[in-house]
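See structure below.
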Amino acid sequence: MKRQILQSVMVSAGTGLVLVASGCTPAITPKVSKLELPSQFAGSAGTEPVSIMKWREFFTDPHLRELIETALGNNQELQIAIQEIEIAKNEVTARSGAYLPFLNLGTKAGLDKSGRYTRDGAVDRGLEIKPGKEFPDPLSDFGLGARASWEVDIWHRLRDAEKSAVNSFFASTEGKQFLVTNIIGEIASSYYELLALDSQLVLIGQNVEIQSKALNTVRAEKIGARVTELAVQRFEAQLAKTKSLQFEIQQKIVQAENKIHFLVGCFPKPIIRSADPLIAIQPPVISAAIPSQMVQQRPDIKEAEWRLKAADLDVQVARAAFYPSLNLSGEIGLRAYDLGTVLQTPASLLYALTADVAGPLINRRAITADYLNANAKQISAVFSYERAVLNGFIEVSNQVAAITNTGQAFNLKSEQVRSLAGAVDVAGTLFLAARADYGEVLLTQREALEARFELIETKLRQMQAVVGLYRSLGGGWA
């Protein structure tokens, strides 16, 4: 009868705490994303949607693939991300054990002496264990037993915390994949930049040879009194300027190589690369449609989505702090002041069982603040998700347009280079025939050199746009 009364009191008290807690929970307004994407990116052709392609299939240059392989094994930032995934995995393990009972086994040995003029000391000295035998002083204490405790997860607070940790783990995994995509893209862009610089260096060498021949021709014309010293000096100045470009490009090559070295995770050494000029590389042709839903395959968007799911659960965890908690604890074992009697049962047997129901009632500022912070973080996570989606859509749109526009610009630049190459020959012929002055020759040579430089740079932008589309679509497309 007493047991039933005790149970009724506990239930009533717990129900009252729930009503008080639920009635005083602060009102919040969770945010739900309503972002809608267009059906397809403008500028993508075809009717069949693209599909994911692995980077080893996308990048066919064997030297580039070797650099990427090395980077995926050595890059320090990537290794840090891998360890963060391990941390997130361990957090899941810790959370999964929080709602399970805890059981501890242990032994105890101690010695206690109370002061004579204290309450315990006075009581101990007035007791007898049995007739003729006083209470031991000092008192030994020996024990052997098991203790158990369990927080009953009534409101799913602990389970929601575990699910939040799982979502954070998946977010860390996607964050690592996003980093991998960026590393691959950075290496590919730097590699093509290196090829462009190689082509420019070869071009400078060719122009140095052409301008040296032109200078020799002008010097011969001066001997024949057909031109003045001014023409010779102008040709010499242009040749010196062109030669100086060689050292500027060599410095850029060193910097581009070192950037790749840093991404690969190794110290500077010669980078083996393709001997084919950048102009000869044909970028993949986009002959398929790109649905805007492909943006959601980006690892950074998936990461933001997992963070949002974790934030939603964190709000529920914070809400549960307003409700009462139920903790069960128990102990069973053997205990005695004499080591020789500690194993005697039932005399040395002890046990205890406790049920503790408690909830916040007064001064709940801390849990209220945590609850409001969780709600603010949830709203922030929604905006972060929408921002990631919008950024991904804009990046893909930019790269699709860049591929189209740079391709057209490259074709026109190629026509310009062909025309100026012919103009250089014509200017040289006219100069020898005294039908053009040296200024026209110098201007034509300079324009031809600049046009070839621009052609290489346009090709580089075209290849970087292809790499950019690979990155913006989340790591590959066909």
Side-chain angles (χ1 to χ4, degrees), residues 191-257 270-283 406-464:
Y191 181 81
Y192 290 132
E193 180 182 357
L194 201 54
L195 294 183
L197 292 172
D198 288 342
S199 297
Q200 289 178 345
L201 192 61
V202 172
L203 178 60
I204 290 296
Q206 293 173 352
N207 274 267
V208 166
E209 184 178 354
I210 293 173
Q211 292 175 8
S212 297
K213 292 179 179 179
L215 176 59
N216 293 332
T217 301
V218 171
R219 285 172 176 169
E221 293 292 312
K222 179 193 172 186
I223 295 174
R226 299 183 61 182
V227 298
T228 64
E229 179 64 20
L230 178 60
V232 175
Q233 292 179 354
R234 290 286 300 275
F235 273 85
E236 289 177 345
Q238 179 161 316
L239 179 60
K241 179 182 178 181
T242 304
K243 288 181 177 180
S244 69
L245 292 176
Q246 290 179 313
F247 298 98
E248 295 179 9
I249 293 176
Q250 288 174 357
Q251 176 60 28
K252 291 180 180 179
I253 289 175
V254 171
Q255 293 176 345
E257 285 183 328
I271 291 181
I272 302 175
R273 48 192 181 269
S274 175
D276 296 331
L278 181 66
I279 300 295
I281 299 178
Q282 296 298 323
T406 54
Q408 295 177 352
F410 179 79
N411 294 334
L412 294 174
K413 284 290 181 182
S414 298
E415 294 180 7
Q416 181 187 13
V417 167
R418 285 192 294 269
S419 297
L420 288 173
V424 169
D425 295 336
V426 172
T429 302
L430 293 176
F431 177 73
L432 293 176
R435 298 178 60 185
D437 59 28
Y438 63 87
E440 292 176 309
V441 176
L442 290 174
L443 179 61
T444 306
Q445 289 180 350
R446 183 165 58 249
E447 289 178 346
L449 178 60
E450 291 175 353
R452 290 178 179 176
F453 262 77
E454 291 174 358
L455 179 66
I456 295 173
E457 291 172 354
T458 302
K459 185 66 175 185
L460 174 61
R461 288 196 298 271
Q462 184 184 32
M463 297 305 300
Q464 289 180 337

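Since the model is a prediction, treat every value here as computed from it, not as a measurement.
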### Message
Suppose the criterion is side chain to side chain donor-acceptor pair (under 3.5 Å): which pairs have a residue in residues 447-458, not counting sequence neighbours?
### Response
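Those involving residues 447-458 are Lys413-Glu454, Thr458-Arg461.
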#### Entry: Selection residues 239-250 - residue pairs positive for side chain to side chain donor-acceptor pair (under 3.5 Å), sequence neighbours left out
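Found Gln211-Thr242.
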Provide the closest heavy-atom pair for [X] versus [Y] in the form atom of the first, atom of the second, distance.
X	Y	result
Ile253	Arg273	CG2-NH2, 4.0 Å
Ser274	Leu195	O-CD2, 3.6 Å
Ala451	Val417	O-CG2, 3.6 Å
Leu197	Ala256	CD1-CB, 4.2 Å
Phe453	Leu203	CD1-CD2, 3.8 Å
Ala448	Val424	CB-CG2, 3.6 Å

### Message
side-chain contact (heavy atoms from CB on, under 4.5 Å) for Ile281 and Tyr192? Distances and angles first, verdict last.
### Response
CA-CA 10 Å; Ile281 299 178; Tyr192 290 132; 4.2 Å; yes
Between atom [atom1] of [X] and atom [atom2] of [Y], what is the distance when rounded to the nearest 0.5 Å?
X	Y	atom1	atom2	answer
Asp198	Asp276	CG	CG	11.5 Å
Leu201	Phe247	CG	CZ	10.0 Å
Leu245	Ile204	CG	CD1	4.5 Å
Asn207	Gln445	CG	CD	7.5 Å
Leu449	Gln206	CG	CD	10.5 Å
Ile279	Phe410	CD1	CZ	4.5 Å

### Message
Strictly distance-based, threshold 3.5 Å: is any side-chain N or O of Arg446 a donor or acceptor partner for the main-chain N or O of Thr444?
### Response
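No: the side chain of Arg446 does not pair with the backbone of Thr444.
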### Message
Using side-chain heavy atoms (C-beta onward) and a distance below 4.5 Å, is Ser212 in contact with Leu239?
### Response
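A side-chain contact under 4.5 Å exists here.
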### Message
Side chains of Ile223 and Arg219, heavy atoms from C-beta outward: is any pair under 4.5 Å?
### Response
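Result no, sub-4.5 Å side-chain heavy-atom pair not found.
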### Query
Would Leu412 and Glu415 count as a side-chain contact (heavy atoms from CB on, under 4.5 Å) if you check the C-alpha gap in whole Å, the side-chain angles of each, and the deciding distance to 0.1 Å?
CA-CA 5 Å; Leu412 294 174; Glu415 294 180 7; 4.2 Å; yes
